[in-house]
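I have a structure I would like to understand better, so I am pasting it below and will then ask my questions one at a time.
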2 protein chains.
Amino acid sequence: MRRRFIEAAGQMTQTLGVGRALGQVFTHIYFSRQPQSLDDLTQSLGISKGSASMTVRQLEQWGALRKVWIKGERKDYYEALDHFGRIIRRALLDVIGRKMESGDHVLQDAEEEMQEAAAGSADDATDWTFLRDRVAKIRAFRGRAQRLWDSSILKMLLK
Amino acid sequence: MRRRFIEAAGQMTQTLGVGRALGQVFTHIYFSRQPQSLDDLTQSLGISKGSASMTVRQLEQWGALRKVWIKGERKDYYEALDHFGRIIRRALLDVIGRKMESGDHVLQDAEEEMQEAAAGSADDATDWTFLRDRVAKIRAFRGRAQRLWDSSILKMLLK
DNA sequence: TGATACGTTCAATACAAATTGAACGTTCGC
DNA sequence: GCGAACGTTCAATTTGTATTGAACGTATCA
């Protein structure tokens, strides 16, 4: 049964674009009563030590896992948290947010470039009013999307 | 300037996991005053005819492009729409929705499997109450996420 | 009807991203 | 200080996915 869940979660996170290991690692720990070490992960899931290390770190940053000390043990052990709302929120902020940023920069750059080009060539064939209008519409949408995003995030934050 | 936008949009859609051609095609048509044909796309963007055909169809399904007839022309021409809210909404429903479905099925299957297994082996070492509890928490979250999703979508729909 | 100009499909290919694993740095016990 | 047991890193590799392009189906016009 656990195998089924783990496999399914792996497929899901893979198609969502965050790698298969992520879903597998979280699900395995989530369905384990005992905290799990990196070795447990490599053995149970058949993934490499490197992959386990990186995945666990990312999940920890998102608040999906928590490090647990076990006295007399030198290994790091992890247990799963179940604040799914917070976890997803942070993951989205991290993954999407970072991806949006670069696009944002380019949008601004291109807009500035357009301003300059329009000012310096009042008599050529380019249809500046058309371009301006289209860019303005993108800007407007970005503003609305931003507000929607913020409010959704807020709702999720409140559980 | 258009080149910059097109390149940026391509990068963005690529990292978002829907392919580079998608962003490029839409942006090119969006910044074109005249409706564009598949040939225009292959020439301007340097993509193949097959890619242009598939991309355009997907964008049309999402309501991002509209076919335009030009009398005396045998080619299909497309122009861009700017209802970004609706476009994104449909795209998300399509891309995410479809990806969620399969995961949903597996969740249900695994749950049934667990019920059966728990009933048939009351005396083995498996910790059924623990597993049940964890699965229940996933279910609960799915419900909340579904409601949040629906309401967000609704907001976007309303512009 | 035949020839031409399209758009579509899908197996082959190219590309990007995830995963591996050997080398490395660090910590702990002795 | 030394060795062993870890976790981490990153270049090489594997894997998954987007893209290509030749073959095909279809519509149009002479």
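In what follows, chains are A, B, ... by sequence order, proteins preceding strands, each numbered from 1.
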field: Of residues 45-57 of chain B, the positions that come close to DNA chain C - non-hydrogen atoms, cut-off under 4.0 Å
entry: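 Correct list: B:Lys49, B:Gly50, B:Ser53, B:Met54, B:Arg57.
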query: Got a donor-acceptor contact below 3.5 angstrom from the A:Thr27 side chain to the A:Gln24 backbone?
result: no
- request: State whether the side chain of B:Ser44 and the backbone N or O of B:Leu41 hold a donor-acceptor pair below 3.5 Å, judged by distance alone.
  value: no
message: Please enumerate all residues that pass ring pair (Phe, Tyr, Trp, His ring centres under 6.0 Å) together with B:Tyr78, with sequence neighbours excluded.
response: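 If we apply the ring pair (Phe, Tyr, Trp, His ring centres under 6.0 Å) test to B:Tyr78, skipping adjacent residues, there are no hits.
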message: Working to the nearest 0.5 angstrom, can you tell me the gap between A:Gln43 CD and A:Gln36 CD?
response: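 Going from CD on A:Gln43 over to CD on A:Gln36, the span is 10.5 Å.
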- prompt: B:Gln14 CD to C:dA18 C1': how many Å, rounded?
  reply: 15 Å
query: Side-chain contact, heavy-atom cut-off 4.5 Å: A:Thr13 with A:Phe26?
result: no
field: Under the salt bridge (Lys or Arg N to Asp or Glu O under 4.0 Å) test, residues paired with A:Lys137 that sit two or more places apart
entry: A:Asp133, B:Asp82
- request: Using heavy atoms and a sub-4.0 Å distance, could you list which residues of residues 20-44 of chain A are near DNA chain D? By number, please.
  value: A:Leu38
message: Per the side-chain hydrogen bond (donor to acceptor under 3.5 Å, both in side chains) rule, what does the pair list look like for residues 51-67 of chain A, sequence neighbours excluded?
response: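 The answer is A:Trp62-A:Asp94, A:Arg66-A:Glu79.
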message: Can you tell me if A:Gln14 has over 12 outside heavy atoms packed within less than 6.0 Å of its CD?
response: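 Yes, CD of A:Gln14 has more than 12 neighbouring heavy atoms, counting only those of other groups under 6.0 Å.
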field: Those residues of residues 59-71 of chain B lying under 4.0 Å from DNA chain C by at least one heavy atom
entry: none
- request: Please list, chain by chain and in numerical order, all residues satisfying salt bridge (Lys or Arg N to Asp or Glu O under 4.0 Å) with A:Asp40, sequence neighbours excluded.
  value: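 Counting only residues at least two positions away or on another chain, A:Asp40 forms no salt bridge (Lys or Arg N to Asp or Glu O under 4.0 Å).
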- prompt: Looking at NE2 of B:His28 and CD1 of B:Ile47, how far apart are the two atoms once the value is rounded to the nearest 0.5 Å?
  reply: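 Rounded to the nearest 0.5 Å, the NE2-CD1 separation comes out at 9.5 Å.
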message: Quick check: do B:Leu22 and B:Leu59 have side-chain heavy atoms less than 4.5 Å from each other?
response: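 A side-chain contact exists here, since the closest heavy-atom pair is under 4.5 Å.
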statement: Sorted by chain and residue number, the ring pair (Phe, Tyr, Trp, His ring centres under 6.0 Å) partners of A:Phe31 (sequence neighbours excluded) come out as A:Phe5
- request: Please indicate whether B:Glu73 has more than 12 foreign heavy atoms, meaning atoms of other residues, nucleotides or ligands, lying under 6.0 Å from its CD.
  value: yes
task: Output all residues satisfying salt bridge (Lys or Arg N to Asp or Glu O under 4.0 Å) with B:Arg139, sequence neighbours left out; order by chain, then residue number.
output: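 With neighbours one apart ignored, the set is B:Glu111.
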Segment of DNA chain D, first to last nucleotide, that comes within the 4.0 Å heavy-atom reach of chain A: D:dA4 to D:dG16
- prompt: salt bridge (Lys or Arg N to Asp or Glu O under 4.0 Å) with A:Arg4: which residues, sequence neighbours excluded?
  reply: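 Residues passing salt bridge (Lys or Arg N to Asp or Glu O under 4.0 Å) with A:Arg4: B:Asp109, B:Glu113.
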Check nucleotides 26-30 of chain C for protein N or O atoms closer than 3.5 Å to its own N or O atoms and list the pairs.
{"from": "C:dT27", "atom 1": "O2", "to": "A:Arg74", "atom 2": "NH2", "distance (Å)": "3.0"}

